[in-house]
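Counting starts at 1 for both ligands and their atoms, following the listed order.
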Amino acid sequence: MAIRTRFAPSPTGFIHVGNLRSAVFTYLIAKKEKGTFILRIEDTDQERFVEGAVDAIYYTLNTCGLLWDEGPDKGGDFGPYIQSERMDNYKKYALELVEKKEAYKCFCTEERLASVKEKGYAKYDGLCSRLTDEEVKQKELEGTPYVIRQKTPDTGATSFTCKVFGTITIDNKEIEDQIILKTDEYPTYNFANVIDDHLMNITHVVRGNEYLTSTPKYTLLYKALGWEEPTYVHLPLVVKEGGKKLSKREGDAYFADFVQKGFLPEAIVNYIALLGWSPEDNEEIFTLEELTSRFTMDRINKSPATFDVKKLAWVNSHYIKKLSIEDLKEICMPHLVEHDIVQDKSEDWINSLITVFKDRMSFGEEIIDLYNEFLEIEFKLDDEGTEFLNQEGVNETLTVFRNLLTDVEDFKAENIKPLIKQTGKEAGSKGKMLYMPLRIATTASMHGPDLPQVLSLLGKETVLERLNLLIK
Ligand code: GLU
């Protein structure tokens, strides 16, 4: 049977890294087998609905290349693909379950439910499941509001099998008679997902393992409706080092946070695919196409996956290296502007800046650290630097270099570069005794990126000023 998977986000805000990981795995599982990847918007929790969140979902999936075959905007044979437009289905099947005595109308008030809880019950006590048909009719005639609850067995056990976590069995007495249809006739997530996955012919339900504990309820619903269960693929938790949750406050929870810091969507997808999955060899850099052909469900891991921003940065640096200067500039520009670095700089200067740091950069925002480390320094020699410059012949080398630079009109790297050699010739210095004094006397450091490029970025005035300061 052709594989059909769905990514079913709730439009409650930006896309969380954990959600995006579900999207990536859901996409790969379908595409690996040339199956269908579906986007379904689960917006039945109206209280949590956030304006603009659906657009954020489209934007994220599109920029990540996780293109869906069926969805709200694309259409398809199983639409609508937005749950709030599928309301009739939920009511219809909820009533069918009531008819079959697999669900019941519950008229309990909030106060009564609170008192049940207060008495120490861990779940709803099933009072309304014991109402007679006449009692139910009477309450309906009186117009008492009700919800519909799933009727779960009190004895026995329910088992289901997940591709990753294996077979899981839960005692039925632990399963609550959960609400499936609310007073306002909106379904709960736990009901809607079952109805839609069935009606949309979903073959593989891929989601985070936080849904493992709810799955027995789904199993019972499928059984009650006489439907075949899909294959479950629960993905391991994504945590930070030390088992902590990714957090909004620390800026590592959302896809958008990383894009904003200058990470590339391709790199994020690449890294995220490794959160709970690994290929047979140790390779780690993959395009989406490569991932699609390499991905296998049986290599999805059970144990929590650690989200390591440093590792993501490492993966990202591979992608940065492949970018053109123009494209990398686009990523760095918002940061350079925000830090007032480029307001009075020419295009050439900005291009050189990007060129100099491209190989040292892991993500866009890092251009600021690099700029501060190598260009925006307090010009102060340390003891080692001072000692180096005190060596015999250094003063002569610096003087020749200064004189040659003074005549340069266009202070570009390619014009500066030959003057280093020429300095060596004229001052009779070479190797370390040529390059080191020039670097130390202009940057106060013994290492750094390509010197002619750095000098051109610093500008003629600054470079001459620094040399003059040190020449005796
Ligand atoms: N709407 C659910 C969520 O955003 C979907 C879970 C599922 O994939 O079934 O978490």
Contact region, Pro9 to ligand 1, non-hydrogen atoms below 4.0 Å, reads backbone

Closest protein heavy atom to atom 9 (O) of ligand 1, given as residue, atom name and distance to 0.1 Å: Tyr189 OH, 2.4 Å

Looking only at the side chains, is there a donor atom on one of Asp308 and Trp314 sitting less than 3.5 Å from an acceptor on the other? no

Quick check with a 6.0 Å cut-off and a 45 degree axis cone: is Arg21 positioned over the face of Phe307's six-membered ring? no

Protein heavy-atom partner closest to atom 8 (O) of ligand 1 - residue, atom, separation in Å: Arg6 NH1, 2.9 Å

Check Phe7 against ligand 1 and report side chain, backbone, both or neither, counting heavy atoms closer than 4.0 Å. neither

So is there a nitrogen or oxygen of Asn19 less than 3.5 Å from a nitrogen or oxygen in ligand 1? no

Write out the residue and atom name of the closest protein heavy atom to atom 5 (C) of ligand 1, then the distance separating them to 0.1 Å. Ala8 O, 3.0 Å

Touching ligand 1 at all, Tyr211? Heavy atoms, strictly under 4.0 Å? yes

For Leu264, is there any backbone N or O sitting under 3.5 Å from a side-chain donor or acceptor partner on Asn316? yes

Examine the side chains of Asn190 and Gln178 and answer whether a donor and an acceptor come within less than 3.5 Å of each other. yes

Any sub-3.5 Å donor-acceptor pair from Glu96's side-chain atoms to Leu225's backbone N or O? no

Donor on one side chain, acceptor on other, Thr36 and Asp69, under 3.5 Å: no

